[in-house]
Asks: 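Mind looking over this structure? Questions follow.
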Number of protein chains: 2
Amino acid sequence: MIRMTKLADYGIVILTHMSMERQGSLHTAHDLAARSRVPVPTASKLLKSLTRAGLVLSHRGRHGGYGLARDPDTISVAEIIAAIEGPIGLTECGTGTEGACDMESFCAAKGRWAPINQAIERALQDVPLSAMRPQTPTGQMVRLGGIAEVAP
Amino acid sequence: MIRMTKLADYGIVILTHMSMERQGSLHTAHDLAARSRVPVPTASKLLKSLTRAGLVLSHRGRHGGYGLARDPDTISVAEIIAAIEGPIGLTECGTGTEGACDMESFCAAKGRWAPINQAIERALQDVPLSAMRPQTPTGQMVRLGGIAEVAP
DNA sequence: CCTATCGGGACCTTTTCGGTCCTGTTAGGC
DNA sequence: GCCTAACAGGACCGAAAAGGTCCCGATAGG
């Protein structure tokens, strides 16, 4: 199957939780890990990657934590995945890395992947983080016991 | 990065080579492996998977081999990947397998992946095998020394 | 019958994923 | 001004999967 790693998946879940709070509010790695049901060190590692990519802002020291750097509407799933896994693309071909494939000079499919990769990236860019929030059929968001849930 | 496995990549290269021959012609696993620069056992394994999926037909015995089951225009990249890697989807969620994810009841992104997965699958379904053949800018195909090459 | 070919596994090696831990560094609060 | 709660940045490790090899059986031309 075409898969992203669990790390990217977790990252999206964590950011989704962050997007459900007032923008600018801070959350500790521990807090976000608990809410997302992800081991704390793993969540911490993810948040570091996301910070380096500029998707979240970090504050150190007491009462520090992480907060979204931008409005959830302006953060795309493509960006999140790229921040955690690197450039998006089904193959090495066409992601910009030259010489990544040693079959390059004989490959029958050479150069044909770029449009496909672009189509997939476009599909992911079109999905903002805000669209990942659980919603009721009428578009209303609900929260139960601190954990985001789809309304029954 | 979002990646398909090398196996799927090789499979597409092999089928691309097959698609450049007269339809109905047979090629041994050994022959296809040599042309695609893939180890013979690996090519053989791939061809078995593709046969099981009905994308290629096999003939045993002397002068046996593999041939495309359908016109290259009617075989999509999505089908090829699915034949080798299984169902297409960025996450387990939404590929039909219930209970695959043990975070299901707490997942903030629950149910939001299906449209994304579908968008990607659609993008891959829209690319027929015939589109993977190397072509000149005018759409003409060239072959050099038995290996498909893009015209200089 | 003999041999080239596919069919279906078992099996091994390498990579990388997923996760842990440790040692700084920063900054608020007492 | 120290103390401590938080992030920063690695090193490291086990498990799982990918990638590849090999073997033996079945089939079908010659």
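Just so it is clear, the structure is predicted and the values come from calculations on it, not from any experiment. Labels below follow one simple rule: chain letters A, B, ... track the order of the sequence lines, proteins then strands, and each chain is numbered from 1.
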Asks: Can you tell me if B:Tyr10 touches the phosphate of D:dA18, counting only side-chain N or O atoms and a distance under 4.0 Å to OP1 or OP2?
Replies: no
Asks: To the nearest angstrom, how far is A:His30 atom NE2 from D:dC7 atom C1'?
Replies: 15 Å
Asks: Salt bridge (charged side-chain N to carboxylate O under 4.0 Å, His left out): which pairs involve residues 114-124 of chain A, sequence neighbours left out?
Replies: none
Asks: If I take atom CG in residue A:Leu32 and atom P in nucleotide D:dA6, what distance separates them, rounded to the nearest angstrom?
Replies: 12 Å
Asks: Once side-chain contact (heavy atoms from CB on, under 4.5 Å) is applied, do any residues pair with A:His30, and if so which ones, sequence neighbours excluded?
Replies: A:Thr28, A:Val40
Asks: Among residues 42-60 of chain A, which ones have heavy-atom contacts with DNA chain C below 4.0 Å?
Replies: A:Thr42, A:Lys45, A:Arg60
Asks: Roughly how many Å is it from NE2 in A:His27 to C1' in D:dA5, rounded to a whole number?
Replies: 17 Å
Asks: Applying side-chain contact (heavy atoms from CB on, under 4.5 Å), can you list everything that pairs with B:Ala78, at least two apart in sequence or on another chain?
Replies: B:Ser76, B:Ile88, B:Leu124, B:Gln125
Asks: Tell me every residue that passes salt bridge (charged side-chain N to carboxylate O under 4.0 Å, His left out) with B:Asp126, counting only those two or more places apart in sequence or in another chain.
Replies: none
Asks: Identify, with sequence neighbours excluded, every residue that meets side-chain contact (heavy atoms from CB on, under 4.5 Å) alongside A:His59.
Replies: A:Leu26
Asks: Counting only side-chain nitrogens and oxygens, does B:His63 get under 4.0 Å of the OP1 or OP2 atom of D:dG30?
Replies: yes
Asks: Could you give the start and end, 5' to 3', of the contact zone on DNA chain C for chain A, using atoms under 4.0 Å from its heavy atoms?
Replies: C:dC17 to C:dG29
Asks: Pick base, sugar-phosphate or nothing for A:Pro39, based on heavy-atom distances below 4.0 Å to the nucleic acid.
Replies: sugar-phosphate
Asks: When the distance from CG of B:Leu7 to C1' of D:dA17 is rounded to whole Å, what number comes out?
Replies: 11 Å
Asks: Report yes or no: do A:Leu57 and A:Leu47 belong to one cluster of Ile/Leu/Val/Met/Phe/Trp/Tyr joined by side chain heavy-atom distances under 4.5 Å?
Replies: no
Asks: Under the side-chain contact (heavy atoms from CB on, under 4.5 Å) rule, collect the residues that match up with B:Pro39, sequence neighbours excluded.
Replies: B:Pro41, B:Thr42
Asks: Between atom CE of B:Met4 and atom CG of B:Asp9, what is the distance when rounded to the nearest 0.5 Å?
Replies: 4.0 Å
Asks: Given that A:Val40 and A:Gly61 both sit by DNA chain C, which one's nearest nucleotide is further toward the 5' end?
Replies: A:Val40
Asks: What pairs meet the salt bridge (charged side-chain N to carboxylate O under 4.0 Å, His left out) rule with one or both residues in residues 56-80 of chain B, with sequence neighbours excluded?
Replies: B:Arg70-B:Glu79
